[in-house]
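Reckoned from all heavy atoms, side chains included, excluding hydrogens, waters and symmetry mates.
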Amino acid sequence: MAAVVGAKTFHLTDRQCTSILDWAAEQPQNGLVLRAFLASIALAALQPKEALVLRVRDVELADDGNGWLLIRPQGQERRETDSERAGAERRVPACRELVALLKAEIARRDLRPDDAIFVLDDGRPLTAPVYRKIWQQARAAVLEAHEADSSLGRNISALRDACIAAWLKNGDQSAAHIFVVAECAGMSAPRLAERFAHCLRKPTRDEIPWDRLEAALALPDLANEPAPSAVHCP
């Protein structure tokens, strides 16, 4: 079943995301590069346009098998609906699974530092029309009939949304945690909280610091204030 987190809000489950990646890998043409491309969206919350321009030099590897992706700004494009931080360079954590897929793709095609990672097997660049077609085929192959007929995973950005939702749900949801997730996703914290409010845990009544709220909202004690001195007219 789909992960239903609100009346009109749906996210792909981990199982569905994994099944889509596996389906892509099984395709006889461009299967491996498509899986790596989709994984960069599903596991690092990249925007598709960011993944398309990812180069070998943008992948930083750590000794423990994890890594970082350096996401560079794309020209002067800035969309208010996506982020107040659009156009800012950022480092995004890459889990072991994603790092392994990227390393395999780099080795398979003997890529150099300046080479784009996601290129079709015939040497042509991976483009939006190509990945959108594959996405629709993968969605139809993996989802149940009633899910395919719904808005679940309608666009490839559903992989990014599922990743961001998982980042939020798997942390303590403190202000610092939300800020870090926003930084990794390339969004402002207020925009993140607004768009993914359904993923944030609501505090119980006992967790709300009522005493501090009352102190912050309290009016000054006017009874103890010194009375203003009289003003004498000449």
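- Residue H146 holds its NE2 atom at 8.5 Å from CG of L152, rounded to the nearest 0.5 Å.
- N155 and S157 share no side-chain donor-acceptor pair at under 3.5 Å.
- Proximity of L12 to D161: side-chain heavy atoms (C-beta onward) are nowhere separated by under 4.5 Å.
- The shortest distance between side-chain heavy atoms of P125 and F118 does not fall below 4.5 Å.
- Using a 4.5 Å heavy-atom threshold, the side chains of E183 and R90 count as separate.
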*Before giving the answer on salt bridge (Lys or Arg N to Asp or Glu O under 4.0 Å), spell out for R139 and E147 the whole-Å C-alpha distance, their side-chain angles and the decisive distance to 0.1 Å.*
CA-CA 9 Å; R139 184 176 178 273; E147 295 170 336; over 6 Å; no

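- To the nearest 0.5 angstrom, S40 atom OG is 13.0 Å from R35 atom CZ.
- Under the side-chain contact (heavy atoms from CB on, under 4.5 Å) criterion, D114 pairs with R57, not counting sequence neighbours.
- With contacts defined as side-chain heavy-atom distances shorter than 4.5 Å, the pair C184/R91 does not qualify.
- With a 4.5 Å cut-off on side-chain heavy atoms, L98 and L69 count as touching.
- Within the 4.5 Å cutoff, side-chain heavy atoms of L192 are placed close to those of L168.
- Residues that satisfy the side-chain hydrogen bond (donor to acceptor under 3.5 Å, both in side chains) test with D122, not counting sequence neighbours, are R124.
- One N or O on the side chain of N66 and one on the backbone of R96 form a donor-acceptor pair closer than 3.5 Å.
- In this structure, E89 and L70 have side chains that are in contact, with non-hydrogen atoms separated by less than 4.5 Å.
- A distance of 7.0 Å separates CD in Q16 from CD1 in I20, rounded to the nearest 0.5 Å.
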I'd like a table of donor-acceptor pairs (distance under 3.5 Å, sequence neighbours excluded) in which one partner is a side-chain atom from residues 99-112, with atom names and distances.
| residue | atom | partner | partner atom | Å |
| --- | --- | --- | --- | --- |
| E105 | OE1 | R108 | NE | 3.3 |
| E105 | OE1 | R108 | NH2 | 3.3 |
| E105 | OE2 | R108 | NH2 | 2.6 |
| R108 | NH2 | D121 | OD1 | 3.4 |
| R109 | NH1 | I117 | O | 2.7 |

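- Note that the CH2 atom of W23 and the CG atom of L38 stand 9.0 Å from one another [nearest 0.5 Å].
- Residues K169 and L200 are not in side-chain contact: their nearest non-hydrogen atoms beyond the backbone lie 4.5 Å or more apart.
- Looking only at distances, no side-chain donor or acceptor of Q136 sits under 3.5 Å from a matching main-chain atom of R132.
- Classification of R72 and D58 as a salt-bridged pair holds, one side-chain N sitting under 4.0 Å from a carboxylate O.
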